[in-house]
Amino acid sequence: MTYTISDLMHGASAMARSVFGKKKEYHLQFNHEEDGGWYIDFPNWPFEHHNLLMVAGSDQLCDFISDDGKFAFVDVIPASQEEDHPGYARLIRKEHSLTGGSTYEVTGLDGFARDIWICPVTLFVLGEYPKFIYMKKTEQA
């Protein structure tokens with residue numbers, strides 16, 4: 001993959017907006033596309049679309065929470081420490097690296113028992129790889 005200086009500047013700008021515009025809770029949508037993959041719905045993504053693909057368990061999580069096999073909607077609360085969020089599953093960061101993504105253990109989601117990997121796009125969406133991610137299935141983002 002080759003990126004131009006313009007691509008990188010646009011990407012850095014998007015990341016800065018994400019980091020400095022951090023919210024307590026995010027409403028995320030994932031789409032099951034014609035190629036069979038799940039992708040996060042990120043309309044202004046400045047790089048190649050395939051970077052938004054869910055893999056390594058994240059795709060299976062989308063399958064698990066989707067009601068119709070086409071869309072998956074979640075509310076997400078990133079946290080640096082353990083918190084109490086009744087009704088939310090908890091993802092606990094196991095390992096991470098800036099460019100290598102992050103692996104999370106999923107707990108509190110009956111019927112789903114595996115780790116998931118989330119890619120560096122998370123840095124654009126949440127601004128970090130939080131120590132804890134609290135997730136709740138919703139009807140729509």
Side-chain angles (χ1 to χ4, degrees), residues 1-5 7-141:
M1 234 177 288
T2 305
Y3 296 110
T4 66
I5 297 290
D7 289 336
L8 296 173
M9 290 180 65
H10 185 65
S13 175
M15 182 180 257
R17 281 193 306 277
S18 176
V19 171
F20 296 118
K22 285 180 69 170
K23 300 183 267 186
K24 178 173 174 29
E25 186 168 17
Y26 295 81
H27 308 286
L28 305 177
Q29 176 177 327
F30 299 88
N31 305 318
H32 198 205
E33 297 187 5
E34 289 182 15
D35 67 0
W38 283 97
Y39 295 80
I40 189 164
D41 187 17
F42 198 123
N44 297 314
W45 177 245
F47 302 115
E48 295 176 24
H49 181 68
H50 75 269
N51 294 139
L52 304 175
L53 178 64
M54 299 293 105
V55 297
S58 294
D59 52 342
Q60 293 172 349
L61 182 58
C62 287
D63 279 333
F64 185 81
I65 62 174
S66 176
D67 287 328
D68 61 7
K70 296 178 184 176
F71 303 100
F73 303 100
V74 294
D75 287 345
V76 168
I77 300 171
S80 58
Q81 60 188 18
E82 197 166 354
E83 299 176 352
D84 186 32
H85 293 284
Y88 284 73
R90 182 176 62 183
L91 284 67
I92 305 164
R93 188 182 71 210
K94 294 173 73 172
E95 58 186 359
H96 71 286
S97 69
L98 181 63
T99 59
S102 184
T103 301
Y104 284 84
E105 175 186 357
V106 179
T107 65
L109 189 59
D110 291 339
F112 190 86
R114 69 157 293 162
D115 291 349
I116 66 168
W117 176 78
I118 57 177
C119 70
V121 172
T122 304
L123 299 173
F124 288 85
V125 177
L126 301 179
E128 64 179 329
Y129 299 117
K131 176 69 177 155
F132 296 93
I133 299 175
Y134 294 90
M135 180 200 79
K136 177 176 71 174
K137 175 183 167 180
T138 61
E139 294 303 315
Q140 61 178 315

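For clarity, every value in this text was computed on a predicted model and none was experimentally measured. Values below: every heavy atom of this structure, side chains too, minus hydrogens, waters and symmetry copies.
A donor-acceptor pair is defined here as one N or O able to donate and one able to accept, closer than 3.5 Å; no such pair exists between the side chain of D63 and the backbone of L61.
In terms of heavy atoms, M135 sits closest to L109 at CE-CD2, 3.9 Å. Heavy-atom minimum distance, G36 versus H32: O-NE2, 2.9 Å. Closest approach of Y104 to S102, counting heavy atoms only: CE1-OG, 3.1 Å. Summarising the geometry of E139 relative to F73, their closest heavy-atom pair is O-CD1, 2.8 Å, with the distance given to 0.1 Å. Of all non-hydrogen atoms in Y39 and E33, the two that sit nearest each other are CD1-CD, 3.4 Å. Contact between E82 and F132 at its shortest, heavy atoms only, is N-CE1, 3.3 Å.
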Using distance only, find each side-chain donor-acceptor pair of residues 113-120 under 3.5 Å and give its atom names and separation, not counting sequence neighbours.
residue, atom, partner, partner atom, Å
R114, NH1, Q60, OE1, 2.5
D115, OD2, K94, NZ, 2.5
W117, NE1, G100, O, 2.9

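D75 is listed as a side-chain neighbour of Y88, based on a closest heavy-atom distance under 4.5 Å. Using a 4.5 Å heavy-atom threshold, the side chains of D41 and F30 count as separate.
We find the CD1-CD distance between I133 and E128 to be 8.5 Å, quoted to the nearest 0.5 Å.
By the 30° and 60° cut-offs, the orientation of the rings of H85 relative to Y134 is tilted.
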